[in-house]
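Down below is the structure, laid out as structure tokens.
Just so we're on the same page: letters track the sequence lines, and every chain starts at 1.
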2 protein chains.
Amino acid sequence: MSSDRRRPRADARRNRERLLTEAEAAFREQGTGTSLEAVARRAGVAIGTLYAHFPSRDALVAAVLRERNGALFEHGEALFAQPEPAPALAAWVAAVVEHAAAYQGLAGMLAAGAGDERSELHASCARMNDIGDRLIGRARAAGALRQDATSADIFALMNAAAWIAEQTSREQADRLVRLTLRGLFRTPKDEADEALRPA
Amino acid sequence: MSSDRRRPRADARRNRERLLTEAEAAFREQGTGTSLEAVARRAGVAIGTLYAHFPSRDALVAAVLRERNGALFEHGEALFAQPEPAPALAAWVAAVVEHAAAYQGLAGMLAAGAGDERSELHASCARMNDIGDRLIGRARAAGALRQDATSADIFALMNAAAWIAEQTSREQADRLVRLTLRGLFRTPKDEADEALRPA
DNA sequence: ACCTGAACACCGTTCAAGT
DNA sequence: ACCTGAACACCGTTCAAGT
């Protein structure tokens, strides 16, 4: 119990840093499915060193995403300051779509990570879902959302749109979101309808 | 120019058949990304034989999908007999989602094939798009669809829903489609709105 | 005309051996 | 405490040699 886990050796710290830098670049160029051996080569370390620092692809992706995640969550929390809940929810959807479309393959990893507690990506997915839940609750309480729209629906929409952005284009993804939200949000017309309908 | 391309040798025909059967099973169990060597092993042929019959993964997937495609297109054409264009379009969307979610990875291959003319999957994607186009035209002409909804939007929705079905569940995919179509279809209320608004 | 399987290049992952 | 790289198992793809 001398140094515990503080102050890693200088070379270890540098290797970790270089691995993160090169992994980010490789993910950007080739997607999250890129060869881990190639990442190690780019970083100038042996493949065993990569595994020593990041025991799985999930762990490496999660580490690369760490800073970006922080910014996303801050943005999400800031949206509660916005008085109108519907645009706040729409802004959150747009932010998550952009986040999940950062690298090819990321949307799929996030979708898998959300459903797998052992995944290194699970915690951040849960946090994303939590913020979404609360924004949805606020929008529903304000009568801005269909009663039957769930947070799972919103999460599915965000993931699907990010995947479309990867596969087709950002524009097409934005169109899908816009069209779906038009169906998701309650309009004054819906309210009028319900008022006229018997319970 | 004696036998041209008729009556392939009996062993070749049998190998082709076995490869298709085992490929279908492997796709169902492991997705379209399954190992081609494993497919050849299951079929009891050498890997070179697989490549001789199907020069690419796309070609093998396209061959496996051939009959299913025929049924899908017949169904699509039959929908023009239905008098109401909006439910016909909705039925088409549901059919394509089910088709594209048949194997893990298929939605992605179809999305890629739609945009790549050299892909073996391109022709069937184009046919799918053509049927969608015509069903959309009919729905729009009948005033059942938003003017700004394009066939690319419908194709994106179908692909995205199929991908969600792979990643999450069929139920979630159906919910996404339902919510989006509510936004996509024009309601009588929309028409009333437009009538009241100046051009 | 068709099939075989070795050959090549590549990858994920582990772990004994080094410093 | 950390790094190296050989080792193992696997895969995609091609092509000379067989029948």
Side-chain angles (χ1 to χ4, degrees), chain A residues 1-23 26-27 29-64 104-105 108-109 112 118-121, chain B residues 1-23 26-27 29-64 104-105 108-109 112 118-121:
Chain A
M1 49 160 77
S2 50
S3 73
D4 267 323
R5 73 178 60 172
R6 345 155 94 241
R7 255 186 238 278
R9 234 166 61 180
D11 57 343
R13 191 164 152 57
R14 238 194 84 223
N15 282 340
R16 213 191 113 93
E17 221 60 53
R18 296 187 57 138
L19 280 165
L20 284 174
T21 304
E22 296 303 329
F27 290 162
E29 292 162 21
Q30 319 247 36
T32 57
T34 192
S35 152
L36 296 181
E37 288 209 323
V39 171
R41 264 198 306 276
R42 289 175 71 138
V45 303
I47 181 63
T49 302
L50 185 150
Y51 276 92
H53 283 277
F54 308 103
S56 68
R57 189 179 294 270
D58 270 21
L60 181 55
V61 171
V64 165
Q104 266 183 32
M109 294 187 78
R118 297 161 322 184
S119 162
E120 301 269 355
L121 295 166
Chain B
M1 53 161 75
S2 51
S3 72
D4 268 323
R5 75 178 58 170
R6 346 156 94 242
R7 256 185 237 278
R9 234 166 62 177
D11 57 343
R13 190 164 151 59
R14 239 193 84 222
N15 282 340
R16 213 192 114 93
E17 221 60 54
R18 295 188 57 137
L19 280 165
L20 283 175
T21 304
E22 296 302 329
F27 291 162
E29 293 161 19
Q30 319 246 37
T32 56
T34 192
S35 152
L36 296 181
E37 288 209 323
V39 170
R41 264 198 307 274
R42 289 175 72 138
V45 302
I47 181 64
T49 303
L50 186 150
Y51 275 92
H53 284 277
F54 309 103
S56 68
R57 189 179 294 271
D58 270 21
L60 182 55
V61 171
V64 165
Q104 267 184 32
M109 294 187 77
R118 297 159 323 181
S119 163
E120 301 269 355
L121 294 166

**Integer-rounded Å distance: C:dC3 C1' and B:Arg14 CZ** = 13 Å
**Asked** Nearest-Å distance, CG (A:Leu60) to P (C:dT13)?
**Response** 11 Å
**Prompt:** Do you know the tightest heavy-atom contact between A:Ala23 and A:Val64?
**Reply:** CB-CG2, 3.9 Å
**Prompt:** Closest approach of B:Pro55 and B:Ala59, non-hydrogen atoms and distance?
**Reply:** CD-CB, 4.0 Å
**Asked** Roughly, in whole Å, what's the span from CD in A:Glu17 to P in D:dC3?
**Response** 13 Å
**Request:** Could you tell me which nucleotide pairs with D:dC2 by Watson-Crick or G-U wobble geometry, both distances under 3.5 Å, or answer none if nothing does?
**Result:** C:dG18
**Prompt:** Is there a side-chain polar atom (N or O) of A:Arg41 under 4.0 Å from OP1 or OP2 of C:dC11?
**Reply:** yes
**Request:** Ignoring the backbone of B:Ala46, work out which of C:dA1, D:dA1, C:dG5 is nearest its side chain.
**Result:** C:dG5
**Message:** Working to the nearest 0.5 angstrom, can you tell me the gap between B:Leu121 CG and B:Ser56 OG?
**Reply:** 8.0 Å
**Message:** For the residue pair A:Asn15 / A:Thr49, report whether a side-chain donor-acceptor contact shorter than 3.5 Å exists.
**Reply:** no
**Request:** State whether A:His53 places a side-chain N or O below 4.0 Å from either non-bridging phosphate oxygen (OP1 or OP2) of D:dC2.
**Result:** no
**Complete:** Testing C:dT13, D:dT4, D:dT13 for proximity to the side chain of A:Glu37, the answer is C:dT13
**Complete:** The Watson-Crick or G-U wobble partner of D:dT13, with both key distances under 3.5 Å, is C:dA7
**Message:** Counting the atoms with a prime plus P, OP1 and OP2 as sugar-phosphate, which does A:Ser35 contact under 4.0 Å by heavy atoms, base, sugar-phosphate, or nothing?
**Reply:** sugar-phosphate
**Asked** To the nearest angstrom, how far is B:Phe54 atom CZ from C:dC2 atom C1'?
**Response** 14 Å
**Item:** Residue among B:Val61, B:Leu60, B:Asp58 satisfying side-chain contact (heavy atoms from CB on, under 4.5 Å) with B:Glu120
**Value:** B:Asp58
**Prompt:** Does B:Asn15 make a side-chain N or O approach to OP1 or OP2 of C:dC3 shorter than 4.0 Å?
**Reply:** yes
**Prompt:** What integer distance in Å separates B:Ile47:CD1 from D:dC11:C1'?
**Reply:** 9 Å
**Asked** What integer distance in Å separates A:Tyr51:OH from D:dC8:P?
**Response** 18 Å
**Request:** Name the nucleic acid region contacted by A:Arg13, choosing base, sugar-phosphate or nothing; use a 4.0 angstrom heavy-atom cut-off, strictly under.
**Result:** nothing
**Message:** Need to verify one output field. Residue with the more 5' nearest nucleotide on DNA chain C, B:Gly48 or A:Thr34?
**Reply:** B:Gly48
**Options D:dC11, D:dT4, C:dC2, nucleotide nearest the side-chain atoms of B:Asp11** = C:dC2
**Message:** In this structure, how many angstroms lie between the C1' atom of D:dC2 and the CG atom of A:Leu19, rounded?
**Reply:** 13 Å
**Prompt:** Taking the nucleotide of DNA chain C with the closest heavy atom to each, which residue, A:Leu36 or A:Thr49, is nearer the 5' end?
**Reply:** A:Leu36
**Prompt:** Side chain of A:Arg9: nearest nucleotide among D:dG12, D:dC3, C:dC2?
**Reply:** D:dC3
**Asked** With sugar-phosphate meaning primed atoms plus P, OP1 and OP2, does B:Ala52 contact a base, only sugar-phosphate, or nothing at under 4.0 Å between heavy atoms?
**Response** nothing
**Request:** Taking all heavy atoms of A:Ala63 and all of A:Leu20, pick out the closest pair and write down the distance.
**Result:** CB-CD2, 3.7 Å
